[in-house]
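Convention: sequence-line order gives letters A, B, ...; per-chain numbering from 1.
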Amino acid sequence: MSEREWRTTSTIIDRLRKFDDRTTWDLLVDHFREPVIRLGVRLGLTPQDAQDAAQETLIVFADSMRNGKFDPSKGRLKSWLFGIAHRQAQNARSKVMRQRANTVALPETSSVADLVLGQDDPAEAVWEEEWRAAIYKRALRQLQREVNPRTYEIFRMSVIDGCALAEVTEHFGVTDTVVYNTRQRLAQRIKQLLEEYEDV
Amino acid sequence: MDEVDVDASAGAALCPSRTELLAASEDGVLDERHGDHLATCATCRVRVTELRENASVFSALRDLGTSGRLQDDDEVGDAPAGYTLVREIHRGGQGVVYEAREHSPSRIVALKVPLHGRWVTANQRRRFEREIEVIAGLRHPNIVTLFARGTMSSGSDFFAMEYVEGQSLQELLDERAEPMPVDIALPMFITICEAVEYAHQVGVIHRDLKPSNIIVDADDEPHLLDFGMAKLTDESQLSGLTVSGQFVGSLIWAAPEQVWFTKGDGVSTRTDIYGLGLLLYRMVTGVHAYPIPSNPGQMIDTIGKVEPLRASRQLEREVIPHDLDAVLLKALEKRPSDRYQSVSDLVADCRAVRDGKDVSVASYSGIQRLRRSARRHPWLFAVVTGLLVLGVTLTLLGHRGRIELEQQRRLDTIARARDLVANGSPYRGFELLWNLANTESPSASWLGVEVSEYEQLRLRWALRELVGTFPLERSVDTGHGSALPLGLVVHPHGRVLLIYGVRGDWVEMRDVKTLEVLGRTSIDGASIRTVELSPSGEHIAIWSEIGGDLQVHAWDEAAWRAGDVVAENSLLQAESVYDIEWAPSGEVLIVETSTDGVTYLFDEHPAPFEEVRRVGSLPGVLTSLCVTETTIRGWESYYQRRHSLAPTLDRATGAVREGQARVAFSTPDDSLFFLTAPNHFIMFWPPKEGERESRAVRVSTQRRQARRFDVHPDLEYLALEMRRGGGVVVLQIGATEPVYDIAFHRSSLRGLAYSPAGDALFTLTADGRLQRFATAPLRSASRGFEQGACYSHHGVTYSDDGALIAVCGTAEEDRAGYIGVWDAETLRLVDEIVVETSGRSGVIPSVVFDPDDTDRLFAVTYAGALLEWDRDRGSTDVLYRHAAPLNDIEVDPSTRRLAMSASRWELLVWDLESGVLDATPVADIDPKRLGRMPAVAWRPDGVPVGVTLRGDVVSTYHDKVHVADTSFRDVVTTPDGAQLVIASDRGDVIVVDVVDEWGAFVLGQHESDVLSVAISPNGQLVASADSGGTVKVWHLASRHELASVAVSGTVLGMAFSPSGRGLTIGGSDQLTHWDFVQADETVNRVGAQIAAWPAEQRFVLPNH
């Protein structure tokens, strides 16, 4: 299944329900694993623990899909995945905290919130951020497949790397207009891709 | 191809081209340049909308790009704004270092972030900030420069520093097949030294000099980096980063004082000199200065004891000049005081070597050679020790004759612990010492320091002393060990207590004092869950498992004594009981049932157990909140309160939500809750009226969970039983730290209860032992002796069996010499003699018992006589006359020899068997000085030592060792012979370590001259007395002052009883005995309790 066919949530769900559909699952893991790992890291796990938690998340996610637990009418897949990922990350963190022989007394006074780590962490905001980063990355990867390398490089250098216009035009031997048009064209395409991916 | 849109509407001809709009958008001047037109042209506005949307995509992509999020690797770190991460250079325990590109100014930097971002521990953060502080203050061409610091959006700190492209010196050396030639190594080394010297000048000690912390650039210029371990020279040694005992730095590059407790002067600039020595050694020989064992413990030993081989001998060819050998050996001296004292001195000698000139380092003195030989050849040690001591003079440091030769960190740690205790934070003091003593802690085990069992016990006793203990007053085996003891309850009137087991066939009433059985009963077939007495003491509730039955009976003590207690009909019965609780007022019994979810309240008076109220409830209410007065009085608001509190409690603890925490106690006004959970306690103050904020404090219990608890009647203390090992912790309610830890049981507890008066704490263990601890300060006073004819008491001694006390001095009349013997138990006078002489010389300053015969005593006089008093025969004989006054006498029981100290620094040994003097006066007599040797002691190895008025320690085996510029007045040895405790003028009680090269420290100080010292038989306690009449008791291991008591007159002699239960004090006008079993109120109960515990219990350790 190509990226283009990955369009609608229902399609995904249908396909994911077929647990034997390895292609879909591979794509799922490929797309979702990274933001789940990053969520774990930002919630305080080491990268290794975050990877373990991500594995658990995807397994739970897979089981839930197979058992038809996800109801699209009740919310977006992305939110549901977040719920599982968040829980797994917190479980992992609790486990780590328990494993540490922490003998240091806390400061004499503290607000209640301070005591419960994770109470104040904006996990949902983190997830939104990481999710967004993930879909941007997917979009860029797709873009790279669609346009010729030089065009992509012009875009990358001028947009992502933030190089000055003069530097780009000189490097590629093109005019300002070419650079402007390239940027605008690819930005349009990115917006389309973002819309597709965000919908999941 | 540019496109031109032409709008047919008015002004269309003025529409900017797409390119123009693009350009303006890119430049961010769209509104500025075309704002007027956009206001009138709808078409262009549409075009611009798209541009603006695209601009937001660009912005997002740019942000993601700079944060590294768009990279396709597994690295999940962020970069701060303004930087792009290029690659990870190094990842270590302190953090991660990246090569990064700074955007403005555009340059490559090294970016360091803590390893776990914003989730660092406080200690890690402090260390990170320290590194930033240190580097920020350094400006040197060979030290990496700090460019910027900040906090990332994730909350993590970071700093950017100069990026040096090159190889680490470690890599460079590893790559070489041969050692670095001296003519290449020296210039590079000198440059490194100059950087270190600069750092020292600005007050920074690196502490972690090693090849991997030096980058060599393309021009072969070395650059010093990684100041993560650095220390500022002017900061207190007690800073939070050093006091915990954790070693910072890399072990194989460590200086002896960084890892070896008994050596040296603590970390200083000379520590870096040692590091530089190791570095140069490695550079020119290709190998480390000594073999590197795999075991950290062996490494520690090596660092402390193994001398490096001369560098020139590491290589087959003679490529290392002898002078460089000498330079290296000096830099690598074990004692900091023997090394170069500054980097500039080291550099000067290196330059001299480089230039072929003479170095400052001479060949070693005989002493230093001997010392080296001794270390390399331990078999010489015994001989060498004597030679080393010859002529050694220890320099005084500090004011008032203070001596600081003990390893500074350990001393400071203990001092800090004492301060913490004194300032109301005993647990922190506990923690400090625990880390020092506890071989389970990562620092100790990582160091591989094998803390001897004795050392552990000493330090753990120090812990116990600092945090306090309750004396065990009584302990009985109930015989119910196999009968599943379940609980203990003390009757409110305080005279009896009840203990019971799971099987209802034994419920016993026992006396609270003797703990003996007074009566018992059985409840057939019952599987008792709990027995509770009403606060009034008038009713007893017995709740059994069978059917969840509850029976309430009137309390009838006589019936209990008669064994006829079980009433057929109870006053109240209920089924399916979930929990019961007597309200504090004693008037109400609350019963939760699980069948209909109803809670009943039963009023005890006037009509017993009339159902007062029935309220709906959630079962488990009583288990989650204690019943308090307010909850009873305001029963209607009870659930409201609980509901409002529960979420707060949940948030506070987290664990409550998971059902793992319980409310152990709450104050009557619900202002404070005490929750117990795995690993910690939580003290929780709910928000007050109108407040939103609640407070909570969590105190770790080191993986123990509090289980059982009871509250002191004064509501001041809470006693909690810990799991695993039956430890009991007593907390002062409102304080944040445990006050007492009386973990002493081997089996867990089944009962824990305070007496109603609060003067005792009872415990019942799972193996059936019932114990009573006193919780109030011990009462009683010091005891006086039956008056004898002694006028002034100079010397005090006990017989070996502790049955008799001998005191000597002067008699009332004419200052004749006096010796008296008292019964140690009753303090009644048994015998006395007056030795008639004339003048001052009649004074008998010291006396001892014959070890084998308490009817014989030996004494010395100022007249120079050695006297024997045979009480049996009632006679006194002069065994020996000396030409100078004799000041002190001690007996060595194993060899039956007497040591006597005389004036003119004479130390005499008299053999009781042969009846002759078997040692000659010690050498180095200066007839002009005629110094007095006021005191003598026997070491367990049979060596007598004496102290002089000139601050010397003298022995028959070696010459005098000058310890301090003060007069010594008295001396005792510790039972293990490792230390001498010396009374000195100027108020110091000095402890000299005779094993470790005469290291010494000041145990404590008095306001005036210390005239007398004594040590308890177990070596735990030291008593010292001064000319002002103050007696102090110290705990030797922890150096903690346990007591300071003013007595009348000047104390001239003291002795602990052999049992350790008492201290006799003799002074100019009083003779007193302190009985530690019933100690004087003015004696700190902690110290008293040590002596009072039976020997086998003195070393009972917490069974965690």
Side chain / backbone / both / neither for A:Arg183 at chain B, heavy atoms under 4.5 Å
both
With A:Thr177 as reference, evaluate A:Val174, A:Asn181, A:Val179 under the side-chain contact (heavy atoms from CB on, under 4.5 Å) test and give the passing residue.
A:Asn181
Within 6.0 Å of CZ in B:Arg33, more than 12 heavy atoms from elsewhere:
yes
Taking side chain to side chain donor-acceptor pair (under 3.5 Å) as the test, write out the residues that go with A:Thr151, two or more places apart.
A:Asn148
Top of A:Val159, A:Leu165, A:Leu140 for chain B proximity - count of heavy-atom pairs under 4.5 angstrom:
A:Val159
Using heavy-atom distances under 4.5 Å, tell me whether A:Ser158 contacts chain B through its side chain, its backbone, both, or neither.
backbone
Partners meeting ring pair (Phe, Tyr, Trp, His ring centres under 6.0 Å) with A:Phe82 (sequence neighbours left out)
A:His86, A:Trp127
